[in-house]
Amino acid sequence: MSKFYITTPIYYVNAKPHLGGAYTTLAADVLARWHRMKGENTFFLTGTDEHGEKIAKVAKEKKITPRQLCDQNAAKYEQVWDTLKISYNKFIRTTDPVHEKMVAKVFQHLIDKKLIYKGIYQGLYCVGCERYYTAKELVDGKCSIHQKKAITLSEECYFFKLSKFQNRLLKLIKNNKWVIEPEERRNEVLGFLRTEKLEDLAFSREKVEWGIAVPGDSSQTIYVWIDALLNYLSGIGWKGQEGKWPLNWPPEIQLIGKDILRFHAIIWPGVLLSLGAPLPKKLYAHGFFTIGGKKMSKSLGNVLDPEELAMTFGADALRWLMLSAFPFGQDGDISQSKFYDKYNTDLSNGLGNLLRRVLTLALKNKKKFLPPKKVDTNFKKQIGLVWQKYERSLNQLKFETAIASINDLVSFCDKYIDSKQPWRLFKKDIAEYQIVLYNLLEGLRHLAWLTQPFMPEKSNQIFQSLGILGQEKKNPLAKGQVWGKTEFKEIILGEILFPKL
RNA sequence: CGCGGGGUAGAGCAAUGGCAGCUCGCCAGGCCCAUAACCUGGAGGUUGUAGGUUCGAAUCCUACCCCCGCAACCA
């Protein structure tokens, strides 16, 4: 059986979950559910990044310990992911002692391999911000927040020999051994590697208390790069021993937002190469969205909260709305009013209304609906086309076209009803009515399968209405995709699937 | 020349070399099974501008105009 390991970035726990992070996580969840549905051995990892100065600072402001802050916010993440029905297999926290121990071990290992060495870090430091800036970030040598001149400061720290990997990385990307998608993002990384010289990277800092201590040097703390990135290995049980890679390694897909492309496209494989680890199969950086044409920001007050949206539309519908709003991989725009629009069009008037139509028509007759002798080849063919488009879309992470293929089937069924007029057949030709309704029930059964990764609960509700929830959930997808073999013995009208908003 | 995305019907978007499509809205009709839902037809476009390549361009090339994201809290 083939395996499927997928990761999201780990989110920084200085605040509660953000709609952007929810977007990434949701996309990963749909893929995880899709691959599970296909019967693959699937592992879905997400989690939180919990070390660093900023955490310590926020904790101090709130008069709690960093540990308490992390516990609170990590719990918040788990709760929101629960609301959104995120089916992760493991929630990794970088403050987990197992993770911390592994990171320290790897750090030491890289010192032993002479890939981490001690040096002097010199940079422009803003006392107000308590952080370093690059010359480019400063305006007139001043930090934009404090309007104060940054001073040149140097400190001892440990460096990672990233420079050593520049040519290898370039070659790996060119030869598609290190796959970055979509293409624009790949070009961006290639351009960077061609024109900029990679410098060795400071892998530790002085004076940061909230972090993992450098082995044998308690004055130094391991910096975010290696600490955060190694979650992808510690999360599946790696103990830090080179060569002994976990069974799930490497990931089939690592999903990230485009903001962290460089860390994941350059530093991360650099670390893996230094460890001799196989590289992930694919790195996919999705786009960002604006809200109502403006970037989401606290000061503009247009921030959408994932929990509130789930309250308004329901978690299942929200998943659908987020992923159908614009092409995955590109930038796009969302808004509440667009969501209302699409909810009513796709879900209430489309899928939900179709379900109700068919169920009511089926309930006219108290008989069971058994597979007819004559197969409707036209209907069957349509289902085949829908699955084809759907699978191709999901394999390319085109969620919006996968969703479009579902809408295609809904529309096909609506047209089919209109042309066959089963309410008339019921009075005139009961045998034909029986066949038409059977086809429609089969159509709905396929719709339940198709919507499963996107809207697991609504999908189950459809199965339930068809009286086949238990049996279908036991079936693998391959069996579920077969046309015209299922018997419908008990139809249940049930609740309205998507009440109009 | 910091990096990147975009400009297509009233609005929002799709279409990467081959008849310019979808959703909402608008107009006319059909149906009466359904959540005032569904189906059919129609109006609405010189695809930001100018030039070029091509049998053929929204799509490729050149120049220009305009909008936006990242670079700095934030995916």
Side-chain angles (χ1 to χ4, degrees), chain A residues 8-9 11-12 14-15 17-27 54 58 126 129 131 133-134 136-139 143-145 182-185 187-189 191-192 195-196 255-262 285-290 292-300 303 306 324-327 329-335 337-338 340-342 344-364 398 400-401 404 407-408 410-427 433 436-437 440 493 495-501:
Chain A
T8 71
Y11 304 104
Y12 204 53
N14 61 329
H18 179 268
L19 191 59
Y23 181 64
T24 318
T25 310
L26 239 132
K54 206 186 306 165
V58 173
C126 168
C129 302
R131 56 158 287 194
Y133 281 97
T134 63
K136 266 190 201 165
E137 288 169 355
L138 298 168
V139 182
C143 130
S144 58
I145 301 164
E183 179 120 31
E184 307 95 89
R185 301 276 96 85
N187 290 342
E188 198 176 327
V189 176
F192 181 79
T195 54
E196 311 266 331
L255 217 52
I256 59 169
K258 65 176 185 178
D259 57 325
I260 48 176
L261 177 65
R262 284 190 194 175
H286 66 70
F288 277 7
F289 47 80
T290 48
K294 298 239 163 64
K295 100 189 224 181
M296 174 159 55
S297 86
K298 282 162 206 157
S299 45
L300 280 173
V303 173
S324 61
F326 59 95
Q330 297 179 29
D331 288 345
D333 186 63
I334 62 168
S335 70
S337 64
K338 283 180 188 173
Y340 276 112
D341 212 48
K342 210 162 171 53
N344 285 330
T345 306
D346 287 1
L347 301 175
S348 296
N349 299 349
L351 180 60
N353 183 57
L354 174 69
L355 175 70
R356 195 124 182 121
R357 269 185 111 175
V358 174
L359 293 178
T360 317
L361 285 167
L363 284 166
K364 282 185 175 295
K398 291 185 176 174
E400 71 291 348
T401 46
N407 288 334
D408 289 348
V410 170
S411 175
F412 178 85
C413 291
D414 272 327
K415 287 185 178 74
Y416 181 79
I417 297 178
D418 260 64
S419 69
K420 297 289 182 183
Q421 304 189 318
W423 56 91
R424 265 190 202 168
L425 291 175
F426 178 68
K427 294 175 196 154
Y433 157 89
V436 167
L437 261 294
L440 286 166
L493 186 58
E495 297 282 295
I496 283 185
L497 199 59
F498 297 101
K500 199 144 188 182
L501 292 178

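Every value quoted in this text rests on a predicted model; they were computed, and no experiment measured them. A, B, ... follow the sequence lines: proteins, then strands. Residue 1 opens every chain.
Side-chain proximity of A/Asp331 to B/C13, B/C38, B/G5: nearest is B/G5. Closest contact between the side chain of A/Leu497 and the listed nucleotides B/C13, B/G69, B/U35 involves B/U35. Closest to the side chain of A/Thr345, from the set B/A34, B/C24, B/C74, is B/C24.
Comparing B/A20 with B/A63, their C1' atoms are spaced 26 Å from each other, to the whole Å. Between B/G18 and B/A57, the two C1' atoms lie 10 Å apart (nearest whole Å). Separating the C1' atom of B/U47 from that of B/G21 is a span of 12 Å, rounded to the nearest Å. Taking the P atoms as reference points, B/C31 lies 15 Å from B/U40, given to the whole Å. The P atoms of B/G45 and B/G2 are separated by 40 Å, rounded to the nearest whole Å. Only the C1' atoms considered, B/G30 is 30 Å distant from B/C13, to the nearest whole Å. The gap from the C1' atom of B/U62 to that of B/C19 amounts to 29 Å, rounded to the nearest Å. Separation of the C1' atoms belonging to B/G44 and B/G10 is 8 Å when rounded to the nearest angstrom.
When heavy atoms are screened at a 4.0 angstrom cut-off, A/Pro327 is found touching the sugar-phosphate backbone but no base atom. Here A/Ser348 lies in heavy-atom contact (under 4.0 Å) with a base. The residue A/Glu400 sits apart from the nucleic acid: no heavy atom pair falls under 4.0 Å. At the heavy-atom level, A/Asn344 lies nowhere under 4.0 Å from the strands shown. Among the atoms of the strands shown, none is found under 4.0 Å from any heavy atom of A/Tyr23. At a threshold of 4.0 angstrom between heavy atoms, the contacts of A/Asn349 are confined to the sugar-phosphate backbone, with no base atom among them. Contact annotation for A/Phe498: base contact, defined as any heavy-atom pair under 4.0 Å involving a base atom. Here A/Leu359 lies out of heavy-atom contact (under 4.0 Å) with every strand. Counting any heavy atom pair closer than 4.0 Å across all strands shown, A/Phe326 reaches no nucleic acid atom. A/Gly257 comes within contact range of the sugar-phosphate backbone alone, with a heavy-atom separation under 4.0 Å but no base atom that close.
For the pair A/Lys364 NZ and B/C32 C1', the computed distance is 10 Å after rounding to whole Å. In this structure, CD of A/Gln421 is placed 14 Å from P of B/G30, rounded to the nearest angstrom. Remark: C1' of B/A37 and CG of A/Leu351 are 13 Å apart, rounded to the nearest angstrom. If you take CZ of A/Phe192 and P of B/C3, they are 12 Å apart, rounded to a whole angstrom. Atom pair A/Leu355:CG and B/C38:P shows a separation of 15 Å (rounding to whole Å applied). Protein atom CG of A/Asp259 is 16 Å distant from nucleotide atom P of B/G5, rounded to whole Å. Atoms CG (A/Leu26) and P (B/A75) sit 15 Å apart, rounded to a whole Å. Residue A/Lys420 contributes atom NZ, which lies 20 Å from atom C1' of B/C32 at whole-angstrom precision.
Within a 6.0 Å radius of NZ in A/Lys258, other residues, nucleotides and ligands contribute more than 12 heavy atoms. Around atom CD of A/Gln421, more than 12 heavy atoms belonging to other residues, nucleotides or ligands sit under 6.0 Å away.
The base of B/A34 sits within donor-acceptor range of the side chain of A/Arg357, with an N or O pair under 3.5 Å.
Put simply, A/Asn14 has a side-chain N or O that comes within less than 4.0 Å of OP1 or OP2 on B/C74. A sub-4.0 Å separation between OP1 or OP2 of B/C3 and a side-chain N or O of A/Arg262 is absent. Note on A/Lys54: a side-chain N or O is less than 4.0 Å away from OP1 or OP2 of B/C74. Here A/Lys500 reaches the OP1 or OP2 of B/A37: one of its side-chain N or O atoms lies under 4.0 Å away.
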- Passes side-chain contact (heavy atoms from CB on, under 4.5 Å), A/Phe326 versus A/Ile334? Steps please. CA-CA 8 Å; A/Phe326 59 95; A/Ile334 62 168; 3.9 Å; yes

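B/G2: Watson-Crick or G-U partner is B/C70, with both key distances under 3.5 Å. Taking a pair to require two hydrogen-bonding distances under 3.5 Å in either a Watson-Crick or a G-U wobble arrangement, B/G29 pairs with B/C39. In this structure, B/C60 forms a base pair with B/G52, meeting either the Watson-Crick or the G-U wobble geometry with both donor-acceptor distances under 3.5 Å. The partner of B/U8 is absent, by the rule that a Watson-Crick or G-U pair needs both atom distances under 3.5 Å.
Each of A/Arg185 and A/Pro422 has a nearest nucleotide on RNA chain B; the 5'-most of these lies closest to A/Arg185. In terms of position on RNA chain B, the residue among A/Arg356 and A/Asp346 whose nearest nucleotide sits closer to the 5' end is A/Asp346.
Within the 4.5 Å cutoff, side-chain heavy atoms of A/Trp423 are placed close to those of A/Ile417.
Here the side chain of A/Tyr433 pairs a donor or acceptor atom with the backbone of A/Leu361 at under 3.5 angstrom. In this structure a side-chain-to-backbone donor-acceptor pair under 3.5 Å is present from A/Ser348 to A/Phe498.
Counting all heavy atoms, side chain and backbone alike, A/Pro306 lies closest to A/Ala22 at CB-CB, 4.1 Å.
Between A/Phe288 and A/His286, the ring-plane angle classifies as tilted under the 30° and 60° cut-offs.
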